[in-house]
Undergrad: 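Please find one structure pasted underneath; my questions will follow.
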Amino acid sequence: MDYIGLSEQEIIRREALKELQTLGINPYPAAEYPVNIFSKDILDRFDDNNMPEDLLNVCLAGRIMTRRIMGNASFAELQDNKGRIQLYFRRDDICTGEDKTMYNTVFKRLLDIGDIIGVTGYAFRTQMGEISVHVKEFTVLSKSIHPLPIVKEKDGVIYDAFSDPEQRYRNRSLDLIVNPQVKSAFINRTRLTNSMRSFLNDKGYLEVETPILQPLYGGAAARPFKTHHNTLNQTLYLRIANELYLKRLIVGGFDGVYEFAKDFRNEGMDRFHNPEFTQMELYVAYKDYNWMMNLVEEMVERISIDLHGDTKVQLGENVIDFKRPWKRYTMYEAIQKFTGIDISNLSESELRQEARNLKVEIDDSMGKGKIIDEIFGTYCEKELIQPTFITDYPIEMSPLAKKHRSVDGLVERFEAICNGKEICNAYSELNDPIDQRERFEQQLLLAKRGDEEAMMLDEDFLKAIEIGMPPTAGLGIGIDRLTMIMTNSTSIQDVIFFPQMRPEKKAETFDESVFTELGIEEVWAKILFKAGYTSVKMLKEANPGKLHQILCGWNKKNKLGLQNPTPDQVSGWINS
RNA sequence: CGGCUCGUAGCUCAGUUGGCAGAGCACGUGACUCUUAAUCAUGGGGUCGAGGGUUCGACCCCCUCCGAGCCGACCA
């Protein structure tokens, strides 16, 4: 075994692994382990007066998280899928005969924090009152050869928390093991999608899957990731949205379809944006955006109750209340509320002047819609903490939304804003094929002017709309953002298991050939490098006697069991 | 893309007008048959993110680079 580059603790664990094998114990057994209970069930169902039968013969498995060894008796804490429970080991119970190896050697010396074991025994309460399992027999299920971060806790205070965000995100397994609140946030993420899914299924809508690899990207304004299909010799894009495909299914006669869609946008990353993220898109025929607002309220309120048993959710310093009905403002009303200015009847040049007065950054290329959006973004969005619907957006920003039934220049669109961030976006969908084509053509003009995010004209989609799409309400709801709110998370990285990270710096690439070319064995070349001799020049300048000592010492200290080089060999390297 | 902060032992963090690299936990050895941040004794463990510069001497000062976090810009 090659121990070079390992820490002392890693070497000790590998030695323990070997010793287990020498004792005839397989540290990675193949057989099923007959777990019959979880830690939490024991804690929940323990009853001093009327002990359930099955707690007298429990079999559970998990990871050793702490150990307190007191000679011939010990306590440990076992962490399984549902929590932790204390284990009590006594030498003479583990080893009923003369041979005390299983306790003295295997348990005390060869097991470590982080190892996965299975135990059988019975539940009891210690003199200090803690519900525990008295272990009669234990089985090594997986030896851990990488030391765990040690997190301690007393009276609810966490000591030495594993908290460096970089390490946590790069090594999520460790994060999940030692930070229970991380695990719980992810469990809540799944509970959230389960709640949403059953809500939609109960209404009879069909969950579907549509292409992630798309020949044309559409349905949102964003830059895509681009890839290539070899057989078709064709450029494909990772979808930025699935809207255009779901609408084709509406045309096809499904009256309610939805998809939990992983979308990809090739843009900046921050604590609200990850390049891949999840949206739930829903399309329902014969409905409009007013109907959809009611559905969103009902759905999100139910999710909050399913997760927290309450419509109120603590989020940082705020308490968000999802109780229906939510406040509703048109975009014009919202701007009037937060700036005091009524822009509903302004001409473009008047609007431009108001924007300048408000110190909103605008430039000449912006149309009326963009300026309004800019004012809203600067003055209104961050003020909206409680869930609020903003309705009736300028037409320029919304090429897939139906024109407003009564106000010129607007579309039937709403967003829900919560905690100062958009959580969903919905329209009465545009189903007029002539209008839709014109809107796409306007987008093409924008693209020609250099707007990288303008939508592409999708003939296949237009063809579908031309067949005839029923009036339809559509919704996209950001699952990551909603999860952040529901789990009191400040960063999207806390609700995505494996957030995108820059590649870690490569471990220094050492080309041992510079030494092996001198006739040095590879293993010694690596040790020389580890010992700080990183170039031939350094080697040549070294004292041969000292170098020999270093190598032999290294061999001994790390128990490598190598044949030491002779002093002559070492001076031979230096003089070669 | 810009500003600020950070990178030292497995983990959390100290550190020094610039003078042999520290603590707690973890780990090794010994003691202890109801502990719980177990305790007591004792011992090991470091390319101080990488590279360059200044200096007799750099973890520390300067430059470049890499990675991370926060804020802002851009963007949904």
Side-chain angles (χ1 to χ4, degrees), chain A residues 5-13 15-16 65-77 84-94 103 108-109 112-114 124-130 132 134 144-171 174 178 220-223 240-241 263 265-275 277 279 361 373 377 381 397 415 421-425 451-453 476 478 480-481 490-491 493 499 501-510 529-534 557-558:
Chain A
L6 296 181
S7 71
E8 181 192 29
Q9 292 192 41
E10 289 172 304
I11 292 168
I12 286 163
R13 285 183 178 225
E15 288 295 326
M65 297 306 287
T66 72
R67 298 205 300 164
R68 295 180 282 276
I69 294 175
M70 300 156 302
N72 293 327
S74 301
F75 290 91
E77 279 171 42
R84 280 193 193 189
I85 192 163
Q86 180 172 264
L87 304 178
Y88 178 54
F89 292 80
R90 205 159 58 178
R91 187 192 65 188
D92 296 337
D93 293 324
I94 300 296
Y103 182 80
K108 276 171 69 175
R109 205 158 61 72
D112 290 293
I113 289 173
F124 76 111
R125 192 185 282 279
T126 65
Q127 287 171 14
M128 298 302 291
E130 179 159 348
S132 308
H134 191 124
S144 166
I145 59 172
H146 188 91
L148 240 48
I150 303 297
V151 180
K152 300 224 172 183
E153 178 262 324
K154 183 182 183 174
D155 301 333
V157 182
I158 308 286
Y159 297 84
D160 300 331
F162 178 56
S163 55
D164 177 9
E166 179 171 4
Q167 296 210 63
R168 286 182 45 228
Y169 301 144
R170 286 197 198 280
N171 198 340
L174 279 184
V178 304
R223 279 174 288 167
I240 59 173
D263 291 338
R265 297 188 183 174
N266 203 342
E267 284 165 357
M269 298 160 56
D270 58 35
R271 69 192 184 88
F272 291 100
H273 299 85
N274 194 61
F277 65 103
Q279 275 201 99
E361 286 181 33
D373 191 57
E381 194 166 20
M397 319 286 303
E415 293 188 356
K421 287 279 168 187
E422 171 199 342
I423 56 171
C424 80
N425 184 15
D451 185 344
E452 283 184 87
E453 300 194 329
D480 312 277
R481 298 261 180 99
T490 53
S491 168
Q493 296 169 116
M501 300 283 277
R502 278 208 164 77
E504 216 169 352
K505 72 164 189 290
K506 276 185 282 186
E508 188 165 346
T509 49
F510 165 59
F529 181 73
K530 179 78 180 166
Y533 295 89
T534 52
K557 194 170 85 178
N558 293 313

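All chains are named by letter (A, B, ...) in the order of the sequence lines, taking the proteins before the strands, and each is independently numbered beginning at 1. Being a predicted model, the structure only gives us computed values, none of them experimental.
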Undergrad: Among B:rC34, B:rA68, B:rG28, which nucleotide has an atom closest to any side-chain atom of A:Asp112?
TA: B:rG28

Undergrad: Does A:Lys152 make a side-chain N or O approach to OP1 or OP2 of B:rG24 shorter than 4.0 Å?
TA: no

Undergrad: Could you check whether A:Phe75 and the base of B:rA38 form a stacked pair, meaning centres closer than 5.5 Å and planes differing by less than 30°?
TA: no

Undergrad: Taking atom types as modelled, is there a side-chain donor on A:Gln493 or A:Ser491 under 3.5 Å from an acceptor on the other?
TA: yes

Undergrad: Check every atom of B:rU12, B:rU35, B:rG69 against the side chain of A:Gln493 and return the nucleotide holding the closest atom.
TA: B:rG69

Undergrad: Based on Watson-Crick and G-U pairs with both distances under 3.5 Å, what dot-bracket line describes RNA chain B 5' to 3', crossing pairs as [ ] and inter-strand pairs as |?
TA: (((((((..((((.....[..)))).(((((.......))))).....(((((..]....))))))))))))....

Undergrad: Would you say A:Arg68 places a side-chain N or O within less than 4.0 Å of OP1 or OP2 belonging to B:rU35?
TA: no

Undergrad: Between B:rU55 and B:rU17, how far apart are the C1' atoms? Round to whole Å, please.
TA: 14 Å

Undergrad: Both A:Ala73 and A:Glu8 contact RNA chain B. Which one's nearest nucleotide lies toward the 5' end?
TA: A:Ala73

Undergrad: Side chain of A:Thr126, base of B:rU35: donor and acceptor closer than 3.5 Å?
TA: yes

Undergrad: Using the side-chain heavy atoms of A:Met128, tell me which of these nucleotides is nearest: B:rG67, B:rU35, B:rG28.
TA: B:rU35

Undergrad: Nearest to the side chain of A:Pro165, which nucleotide is it out of B:rA68, B:rU33, B:rC11?
TA: B:rA68

Undergrad: Taking only side-chain nitrogens and oxygens of A:Arg223, does any of them come within less than 4.0 Å of OP1 or OP2 of B:rC75?
TA: no

Undergrad: Phosphate oxygens OP1/OP2 of B:rC71: is one of them under 4.0 Å from a side-chain N or O of A:Arg271?
TA: yes

Undergrad: What's the closest nucleotide to the side chain of A:Ser163 if the choices are B:rU33, B:rU12, B:rC27?
TA: B:rU12

Undergrad: With a 3.5 Å cut-off and no angle check, do the side chains of A:Arg481 and A:Gln279 form a donor-acceptor pair?
TA: no

Undergrad: In whole Å, measure the gap between the P atoms of B:rC65 and B:rA21 for me.
TA: 30 Å

Undergrad: Is A:Gln86 side chain donor-acceptor paired with the B:rU35 base, going by distance under 3.5 Å alone?
TA: yes

Undergrad: Given side-chain contact (heavy atoms from CB on, under 4.5 Å), test A:Ile150 with A:Ile113 step by step and report yes or no.
TA: CA-CA 9 Å; A:Ile150 303 297; A:Ile113 289 173; 3.9 Å; yes

Undergrad: When you measure only distances, ignoring hydrogens and angles, does the side chain of A:Gln9 come within 3.5 Å of the base of B:rA26 through a donor and an acceptor?
TA: yes

Undergrad: Under 6.0 Å from the CE atom of A:Met70, do we count more than 12 heavy atoms belonging to anything else shown?
TA: yes

Undergrad: State which of B:rC75, B:rA68, B:rA38 makes the closest approach to the side chain of A:Met70.
TA: B:rA38

Undergrad: I'd like to know if the side chain of A:Tyr88 pairs up with that of A:Ser74 as donor and acceptor (distance under 3.5 Å, no hydrogens or angles considered).
TA: no

Undergrad: Mind checking the C1' distance from B:rG51 to B:rC66? Whole angstroms is fine.
TA: 10 Å

Undergrad: Are A:Glu381 and A:Lys421 close enough for a salt bridge, meaning some N to O gap below 4.0 Å?
TA: no

Undergrad: To the closest 0.5 Å, what do you measure between CG (A:Asn171) and CZ (A:Phe162)?
TA: 6.0 Å

